[in-house]
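What follows is a single structure, written as structure tokens, with notes after it.
From a predicted model like this one, the values you see are computed outputs, not experimental measurements.
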Amino acid sequence: MEINDKTGVKEYRPAADRYETMKYNRCGKSGVLLPALSLGLWHNFGFVDSTENAREILRCAFDLGITHFDLANNYGPPYGSAEENFGQIFKKDFKPYRDELFIASKAGYDMWPGPYGNFGSRKYLISSLDQSLKRMGLDYVDVFYHHRPDPDTPLEETMIALSDIVRQGKALYVGISNYQPKETAEASKLLKELKVPFILHQARYSIFDRWVEDGLLDTLEDNGVGCITFSPLAQGMLTNKYVNGIPKDSRAARDFTYLDTTDVEQNLTKIKNLAKIADKRGQKLSQMAIAWLLGRPSVSSVLIGASSTNQLKENVGALEQLQFTQEELDLIDANS
């Protein structure tokens, strides 16, 4: 008797050629190679989103050679739901391939009420990771980040907590995110003394947001730490979506937290100019923006989000044209 399953969801078998086209970059001076593009689960993977769509995106990503999935304790919404959904999909589709995956989580922003659910104390970081591992059904993560600096907790306490997490076998490597150059150098010094593999700094970076060039990239280079960038498309401004104005159904028109119509209007001339450069290169603006980042010093991987498999495939298409002429780079600089 056959099962009358009309969902269309079949048992997952990864593409046999998944490693043939993806580019992999060394992460700082570590032994880790990261895919040039990594998948961030900040949006589109929470309880308010379609689980089947999330599952299709994750399957597609792995088929394309994307081995790095990036999460955090409070990704959702609601908080924790992206990890929980990922855990369910991992159990169904990816558990046999755990050793081919590089999975990240983070803690540093508010996660639960009270004095122990935020920032960078030892109690918060260790408790948070324990919760994350339970939600994802994992024994360990490949890299665990402190998500943001804590102005009140001694940096030494935070770094010792990261060290103990590695020694407990709950993470293989550690990273930090949103740290300034001076804080990054201090964290690196402490972690080296503790003999902890500090391999990644996750930072916001795009053609429109180049703050990391003011010292951070140099600090990472000096310390043998890789940079993985988030918000590479400046919340959607570095796409073809806004070339002809602001569509009514766009993120800016709906006044999402991180982008509004004022942001787009102030950058509209630059967006149009950059789109012309991309068009001459045979790329979409989003693809050029990703390719540009992959040519920057110390950048090991670019974190992309995706709301569909088509969007994911389009972004991976950036790898087809990574070379820039000096003239193109100068024009991009003039419009950044």
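For S188 (side chain) and T184 (main-chain N/O), no donor-acceptor pair under 3.5 Å exists by modelled atom type. Side-chain atoms of R18 do not come within 3.5 Å of backbone N or O of F62 as any donor-acceptor pair. No donor-acceptor pair under 3.5 Å is formed between the side chain of T229 and the backbone N or O of P232. In this structure, K106 contributes its side chain and L71 its backbone to a donor-acceptor pair below 3.5 Å. Panel note: side chain Y75, backbone G46; no donor-acceptor pair is recorded below 3.5 Å. Side-chain N or O atoms of Q266 include none that pairs as donor or acceptor with a backbone N or O of L268 at under 3.5 Å. Of the possible donor and acceptor atoms, one in the side chain of D142 sits under 3.5 Å from a partner among the backbone N and O of I103. In this structure, the side chain of W211 engages the main chain of R204 through a donor-acceptor pair within 3.5 Å. Checking side-chain atoms of H201 against main-chain N and O of V225 turns up no donor-acceptor pair under 3.5 Å. A donor-acceptor pair under 3.5 Å is formed between the side chain of N53 and the backbone N or O of S307.
F45 places none of its side-chain heavy atoms less than 4.5 Å from the side chain of F86. The shortest distance between side-chain heavy atoms of D333 and R210 falls below 4.5 Å. Contact annotation: the side chain of H146 never approaches that of Y124 to less than 4.5 Å [non-hydrogen atoms, C-beta and beyond]. In this structure, the side chains of P14 and Y97 come closer than 4.5 Å at one or more pairs of heavy atoms. Residues I290 and L233 are in side-chain contact: their nearest non-hydrogen atoms beyond the backbone lie under 4.5 Å apart. Between Y205 and V299 the shortest side-chain heavy-atom distance falls below 4.5 Å. Looking at N73 and Q131, their side chains never come closer than 4.5 Å, going by heavy atoms from C-beta outward. For the pair I332 and F324, the minimum side-chain heavy-atom distance is below 4.5 Å.
Remark: D130 CG to K134 NZ distance equals 10.0 Å, nearest 0.5 Å. Atom-to-atom distance recorded for M22:CE and L64:CG is 6.5 Å, nearest 0.5 angstrom. Separation of atoms CG (L37) and CG (L312) is listed at 8.0 Å; rounding is to 0.5 Å. Here L191 contributes atom CG and I176 contributes atom CD1; the two are 8.0 Å apart, rounded to the nearest 0.5 Å. Note that CZ of F144 and CG of L133 are 8.5 Å apart. Values are rounded to the nearest 0.5 Å. In this structure, CZ on R122 lies 9.0 Å from OG on S163, to the nearest 0.5 angstrom.
Applying the side-chain hydrogen bond (donor to acceptor under 3.5 Å, both in side chains) rule to pairs touching residues 278-290 yields R281-Q283, R281-E328, K284-E314, sequence neighbours excluded. Listed by first and then second residue, the side-chain hydrogen bond (donor to acceptor under 3.5 Å, both in side chains) pairs involving residues 25-34 amount to none (not counting sequence neighbours).
No salt bridge links D63 with K313; every basic N to acidic carboxylate O contact stays at or beyond 4.0 Å.
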**OP:** I would like to know whether V196 and R167 meet side-chain contact (heavy atoms from CB on, under 4.5 Å); could you show each step before the answer?
**Re:** CA-CA 9 Å; V196 179; R167 297 196 182 350; 4.1 Å; yes
Original post:
Going through the distances and angles, do R98 and D139 end up as a salt bridge (Lys or Arg N to Asp or Glu O under 4.0 Å)?
Top reply: CA-CA 11 Å; R98 174 66 182 96; D139 296 323; over 6 Å; no
**OP:** Report the C-alpha distance between S206 and L238 in whole Å, list the side-chain angles of each, state the deciding distance to 0.1 Å, and finish with yes or no for side-chain contact (heavy atoms from CB on, under 4.5 Å).
**Re:** CA-CA 9 Å; S206 73; L238 291 168; 4.0 Å; yes
Subject >> From CA spacing to verdict: side-chain contact (heavy atoms from CB on, under 4.5 Å), F208, K270 >> reply: CA-CA 9 Å; F208 282 167; K270 292 179 178 179; 4.0 Å; yes
**OP:** Dump the intermediate steps for side-chain contact (heavy atoms from CB on, under 4.5 Å) on V141 and K170, then the final yes or no.
**Re:** CA-CA 6 Å; V141 291; K170 297 174 182 176; over 6 Å; no
Subject >> Stepwise side-chain hydrogen bond (donor to acceptor under 3.5 Å, both in side chains) test for Q235 and D263 >> reply: CA-CA 10 Å; Q235 299 299 320; D263 294 325; over 6 Å; no
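Closest non-hydrogen pair, Y24 versus G65, comes out as OH-O, 2.6 Å. A pairwise comparison of heavy atoms in A289 and I207 identifies CA-CD1, 4.0 Å as the closest pair. The nearest pair of heavy atoms linking H147 to N178 is O-ND2, 2.9 Å. Across all non-hydrogen atoms, the minimal contact from G215 to P181 is C-CG, 3.7 Å. Heavy atoms only, all atoms of each residue included: A291 and A318 are closest at CB-O, 4.1 Å. Residue A104 comes nearest to H68 through the heavy atom pair CB-CE1, 3.6 Å, listed as atom of the first residue, atom of the second, then distance.
In terms of hydrophobic clustering, with Ile, Leu, Val, Met, Phe, Trp and Tyr side chains grouped at heavy-atom distances under 4.5 Å, V174 and F119 are assigned to different clusters. Side-chain heavy atoms closer than 4.5 Å link hydrophobic residues (I, L, V, M, F, W, Y) into clusters, and following such links, even through other members, never connects Y109 to Y116.
Within the hydrophobic cluster formed by Ile, Leu, Val, Met, Phe, Trp and Tyr side chains joined at under 4.5 Å, directly or through other members, F102 is accompanied by V32, L34, Y140, V143, Y145, L172, Y173, I199, L200, I228, F230, L303.
Looking at residues two or more places apart in sequence or on another chain, you find a side-chain hydrogen bond (donor to acceptor under 3.5 Å, both in side chains) between N273 and N335. Checked against salt bridge (charged side-chain N to carboxylate O under 4.0 Å, His left out), K182 has the following partners two or more places apart in sequence or in another chain: E186.
For CD of Q168, the number of neighbouring non-hydrogen atoms (other residues, nucleotides, ligands) closer than 6.0 Å is greater than 12. For F47, the CZ atom is densely surrounded, since the number of other residues' heavy atoms within 6.0 Å is greater than 12. At most 12 heavy atoms of other shown residues, nucleotides or ligands fall within 6.0 angstrom of atom CD in E320.
Counting only N and O atoms by type, the side chains of Q326 and D330 include a donor and acceptor under 3.5 Å apart. Between the side chains of E221 and S298, at least one donor N or O lies within less than 3.5 Å of an accepting N or O. There is no side-chain donor-acceptor pair under 3.5 Å between T309 and E56.
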Using distance only, find each side-chain donor-acceptor pair of residues 87-94 under 3.5 Å and give its atom names and separation, not counting sequence neighbours.
residue	atom	partner	partner atom	Å
D93	OD1	R55	NH2	2.9
D93	OD1	R59	NH2	3.2
D93	OD2	R55	NE	2.8
D93	OD2	R59	NE	3.0

